[in-house]
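Along the sequence shown, residues are numbered consecutively beginning with 1.
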Amino acid sequence: MKSLMVLQTDFGFGGGCTMRGTCLKVDPELEVFDGNHTIPKFNVASAARNLIMMVPYWPQGTVFVSVVDPGVGTSRRASVAKLKNGSYVVSPDNGSFSRLLELPGIEEIRVIDETRNRLKGTEKVSIFHGRDLFAYCGAKLASGIITFEEVGEAYPIEEIVRLNDTNYTVEPGKVTGYFFDWMETFGNMETNIPIDCDEKAGFEIGEMLHVVVTDSSTGKVHFDGPAAFYPSFGWVPEGAPVVYNSSDGVLGVGLNRADFARTYDVQVGENWLVTIEKQGKEA
């Protein structure tokens with residue numbers, strides 16, 4: 001039985017279409033799905049988080065191809081990870097595997113042997129590994145043309161590149177972190193602060209919190225005001241700020257039926273610092 005394939009990139013759908021075509025040239029019977037081609041450009045952290053949100057909800061054995069690759073053509077490894085749930089992820093080893101180390105866990109990882117598992121005729125091209133290497137090798141694996149062992153040489157799991165996304169703090173009544181990702185369509189911002197930190201800080205549903213968002217690269221404060229803590233957006237008036245538990249397992253900040261990111265000119269990155277603290281119950 002052939003495996004399903006799921007593609008995610010920061011290319012936009014044009015690049016994703018070319019990758020899909022490459023997969024179908026390997027095997028026209030493959031089922032290839034577009035997961036997400038709108039990952040923010042060069043945002044490896046977003047790619048890592050999106051993978052952990054997709055992987056558990058697809059059948060065992062699915063081959064995920066994730067290409068957010070600002071180091072394309074350099075010495076970073078092009079790899080395939082076998083997950084402990086039986087699925088596979090094909091990706092540059094640049095931090096994209098970080099979250100998968102925790103859940104579901106990585107059983108083994110191999111570097112792609114380009115002499116055997118690269119699209120023929122592309123050997124002199126070093127800027128589209130998504131098409132020429134990752135999609136092509138992933139399709140061979142998904143179709144059963146190669147086994148996992150035939151991907152290439154294994155290397156220690158301890159050598160997998162990890163993201164530094166744990167620089168958040170939690171104390172009674174206060175959490176701090178940064179905007180790690182965003183939901184582009186709606187403009188909701190997602191922090192790097194795990195949702196269990198709300199309990200550790202003592203936040204309670206319905207409580208009015210105080211949120212400050214600062215761009216540390218300029219020192220400019222982009223938001224400084226109250227935001228209620230609720231399970232979802234509809235609990236606050238239209239246009240009002242809300243802090244909530246995101247489906248990605250972190251604290252999020254958004255506006256009900258409005259766009260927080262564009263309203264306050266907020267972006268993602270370690271310079272976009274977020275402080276959330278208690279300020280008392282709603283009246």
Engineer: Let me confirm one number: the CE-CG distance from Met183 to Asp259, rounded to the nearest 0.5 Å.
Structural biologist: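 With rounding to 0.5 Å, CE (Met183) is 11.5 Å from CG (Asp259).
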Engineer: Is it the case that the side chain of Arg99 and the backbone of Ala48 share a donor-acceptor pair, with hydrogens and angles ignored and the cut-off at 3.5 Å?
Structural biologist: no
Engineer: Running the 4.5 Å side-chain criterion over Ile, Leu, Val, Met, Phe, Trp and Tyr, what cluster does Ile157 land in, apart from itself?
Structural biologist: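 Reading the cluster by chain and number, Ile157 sits alongside Leu4, Val6, Phe33, Leu51, Ile52, Met53, Met54, Val55, Trp58, Phe64, Leu83, Val89, Phe97, Leu100, Leu101, Leu103, Ile106, Ile109, Val111, Tyr155, Ile160.
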Engineer: Is the closest side-chain heavy-atom distance between Glu114 and Leu133 below 4.5 Å?
Structural biologist: yes
Engineer: Evaluate side chain to side chain contact (heavy atoms under 4.5 Å, CB included) for Val67 paired with His129, printing each intermediate quantity in order.
Structural biologist: CA-CA 8 Å; Val67 188; His129 284 176; 6.0 Å; no
Engineer: Say whether, by atom type as modelled, one donor and one acceptor occur between the side chain of Glu123 and the main chain of Gly121 under 3.5 angstrom.
Structural biologist: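 Looks like yes, one N/O pair under 3.5 Å.
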Engineer: Apply side chain to side chain contact (heavy atoms under 4.5 Å, CB included) to Thr214 and His222, showing your working.
Structural biologist: CA-CA 6 Å; Thr214 306; His222 285 247; over 6 Å; no
Engineer: Can you check whether Phe42's main-chain N or O pairs, donor with acceptor, with Asp10's side chain at less than 3.5 Å?
Structural biologist: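 Yes.
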Engineer: Flag the pair Ile112 / Val80 as yes when at least one side-chain heavy-atom distance between them is below 4.5 Å, and no otherwise.
Structural biologist: yes
Engineer: If you round to the nearest 0.5 Å, how far is OG1 of Thr218 from NZ of Lys220?
Structural biologist: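 Here the interatomic distance stands at 7.0 Å.
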Engineer: Considering only distance and modelled atom types, tabulate donor-acceptor pairs under 3.5 Å from the side chains of residues 237-255, sequence neighbours left out.
Structural biologist:
{"from": "Asn245", "atom 1": "ND2", "to": "Asp198", "atom 2": "OD2", "distance (Å)": "3.3"}
{"from": "Ser246", "atom 1": "OG", "to": "Glu190", "atom 2": "OE2", "distance (Å)": "2.4"}
{"from": "Ser246", "atom 1": "OG", "to": "Asp248", "atom 2": "N", "distance (Å)": "3.1"}

Engineer: Ignoring hydrogens and angles, tell me if any N or O in the side chain of Ser126 forms a donor-acceptor pair with the backbone of Gly73 under 3.5 Å.
Structural biologist: no
Engineer: Is there a side-chain contact between Ser143 and Val26 in this structure, where contact means two heavy atoms from C-beta onward sitting under 4.5 Å apart?
Structural biologist: yes
Engineer: With a 3.5 Å distance limit and no angle check, can you tell me whether Thr22 reaches the backbone of Thr18 through a side-chain donor-acceptor pair?
Structural biologist: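 Yes: the side chain of Thr22 pairs with the backbone of Thr18.
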Engineer: Between Arg110 and Ser79, is any pair of side-chain heavy atoms under 4.5 Å apart?
Structural biologist: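 Contact flag for Arg110/Ser79 side chains = no.
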Engineer: Check ring-ring contact (aromatic ring centres under 6.0 Å, His included) between Phe203 and all other residues, then give those that pass, not counting sequence neighbours.
Structural biologist: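 ring-ring contact (aromatic ring centres under 6.0 Å, His included) list for Phe203, sorted by chain: empty.
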Engineer: State, to 0.1 Å, how close Gly187 and Trp182 come at their nearest heavy-atom pair, and which atoms those are.
Structural biologist: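 Minimum heavy-atom contact is CA-CE3, 4.3 Å.
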Engineer: Is there a side-chain contact between Asp69 and Ser96 in this structure, where contact means two heavy atoms from C-beta onward sitting under 4.5 Å apart?
Structural biologist: no
Engineer: Do the side chains of Leu273 and Val213 get nearer than 4.5 Å, heavy atoms only?
Structural biologist: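 Val213 does not reach Leu273 side chain to side chain.
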Engineer: Counting only heavy atoms not in Glu153, do more than 12 fall under 6.0 Å of its CD?
Structural biologist: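 No, not enclosed.
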Engineer: Check the hydrophobic clustering (I, L, V, M, F, W, Y; side-chain heavy atoms under 4.5 Å; chains of links allowed) and say if Ile205 and Val236 are grouped together.
Structural biologist: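 Ile205 and Val236: one cluster.
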Engineer: Has the side chain of Ser46 got a donor or acceptor atom that lies under 3.5 Å from a matching backbone atom of Asn43?
Structural biologist: no
Engineer: Evaluate the criterion side chain to side chain contact (heavy atoms under 4.5 Å, CB included) for residue pair Asp224 and His210; output intermediate values, then yes/no.
Structural biologist: CA-CA 7 Å; Asp224 184 346; His210 188 88; 2.6 Å; yes
Engineer: Restricting to non-hydrogen atoms, name the atom on Ser98 and the atom on Val161 that form the minimum distance, rounded to 0.1 Å.
Structural biologist: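 For Ser98 versus Val161, the nearest heavy atoms are OG-O, 3.5 Å.
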Engineer: Please check if the side chain of Ser87 supplies one atom and the backbone of Gly61 the other of a donor-acceptor pair under 3.5 Å.
Structural biologist: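 Such a contact is found between Ser87 side chain and Gly61 backbone.
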Engineer: Can you give me the closest heavy-atom contact between Asn271 and Ser217, atom names plus distance?
Structural biologist: ND2-OG, 3.6 Å
Engineer: Lys2 vs Asp27, test: salt bridge (charged side-chain N to carboxylate O under 4.0 Å, His left out). Steps then yes/no.
Structural biologist: CA-CA 10 Å; Lys2 300 179 191 300; Asp27 185 343; 2.7 Å; yes
Engineer: Could you tell me the separation between the CG atom of Asn192 and the OH atom of Tyr168, rounded to the nearest 0.5 Å?
Structural biologist: 8.0 Å
Engineer: In this structure, would Tyr230 and Phe233 fall into the same cluster of hydrophobic residues linked by side-chain contacts under 4.5 Å?
Structural biologist: yes
Engineer: Could you walk me through whether Arg20 and Lys25 pass the side chain to side chain contact (heavy atoms under 4.5 Å, CB included) test, one step at a time?
Structural biologist: CA-CA 9 Å; Arg20 175 194 283 267; Lys25 285 186 70 176; over 6 Å; no
Engineer: Going hydrophobic residue to hydrophobic residue with side-chain gaps under 4.5 angstrom, can you get from Ile145 over to Val32?
Structural biologist: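 Yes, one cluster joins them.
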Engineer: Report whether Val151 and Met5 are members of the same hydrophobic cluster (ILVMFWY, side-chain heavy atoms less than 4.5 Å apart, transitive linking).
Structural biologist: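 Both belong to a single hydrophobic cluster.
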Engineer: Distance-only, no hydrogens or angles: does the Asp34 side chain make a donor-acceptor pair with backbone N or O of Asn36 under 3.5 Å?
Structural biologist: no
Engineer: Would you compute the distance between atom OG1 of Thr176 and atom CD of Glu277 and round it to the nearest 0.5 angstrom?
Structural biologist: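 Here the rounded value is 10.0 Å.
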Engineer: Any chance you could measure Lys200, atom NZ, to Glu171, atom CD, to the nearest 0.5 Å?
Structural biologist: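 Those atoms lie 13.5 Å apart.
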Engineer: Between Gln8 and Asn50, is any pair of side-chain heavy atoms under 4.5 Å apart?
Structural biologist: yes
Engineer: Taking only residues two or more places apart in sequence, or in another chain, which ones meet Phe260 in a ring-ring contact (aromatic ring centres under 6.0 Å, His included)?
Structural biologist: Phe223, Tyr264
Engineer: For Arg162, enumerate each residue passing the salt bridge (Lys or Arg N to Asp or Glu O under 4.0 Å) test, keeping only those at least two apart in sequence or located in another chain.
Structural biologist: none
Engineer: In terms of hydrophobic clustering (I, L, V, M, F, W, Y; side-chain heavy atoms under 4.5 Å; direct or indirect links), are Met19 and Ile39 co-clustered?
Structural biologist: no
Engineer: Quick check against the 3.5 Å criterion: does Asn85 have a side-chain atom that pairs as donor or acceptor with the backbone of Pro104?
Structural biologist: no
Engineer: With the side chain counted from C-beta on, respond yes when Lys140 and Asn117 share a heavy-atom pair under 4.5 Å apart, and no when they do not.
Structural biologist: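 Yes. Closest side-chain heavy atoms under 4.5 Å.
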Engineer: Nearest 0.5 Å, what's the CZ-CE distance between Phe180 and Met189?
Structural biologist: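 Phe180 CZ to Met189 CE: 12.0 Å, rounded to 0.5 Å.
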Engineer: Is there a ring-ring contact (aromatic ring centres under 6.0 Å, His included) between Phe179 and Trp272 once you walk through the steps?
Structural biologist: CA-CA 6 Å; Phe179 282 139; Trp272 288 93; 7.6 Å; no
Engineer: Which heavy atom in Asn94 sits nearest to a heavy atom in Pro70, and how many Å separate them?
Structural biologist: ND2-CD, 4.0 Å
Engineer: If you look at every heavy atom in Glu204 and Phe229, which pair is closest and at what distance?
Structural biologist: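 Taking Glu204 first and Phe229 second, the nearest heavy atoms are O-CD2, 3.5 Å.
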Engineer: Which heavy-atom pair separates Asp181 from Pro40 by the least distance, and what is that distance?
Structural biologist: OD1-CG, 4.1 Å
Engineer: Among residues at least two apart in sequence or on other chains, which ones pass ring-ring contact (aromatic ring centres under 6.0 Å, His included) with Tyr88?
Structural biologist: Phe148
Engineer: Under the salt bridge (charged side-chain N to carboxylate O under 4.0 Å, His left out) criterion, do Glu107 and Lys84 qualify, and how do the steps go?
Structural biologist: CA-CA 5 Å; Glu107 183 175 308; Lys84 291 183 178 180; over 6 Å; no
Engineer: Just do the salt bridge (charged side-chain N to carboxylate O under 4.0 Å, His left out) check on Glu207 and Lys278 with the steps written out, would you?
Structural biologist: CA-CA 8 Å; Glu207 186 173 22; Lys278 296 166 71 74; 2.5 Å; yes
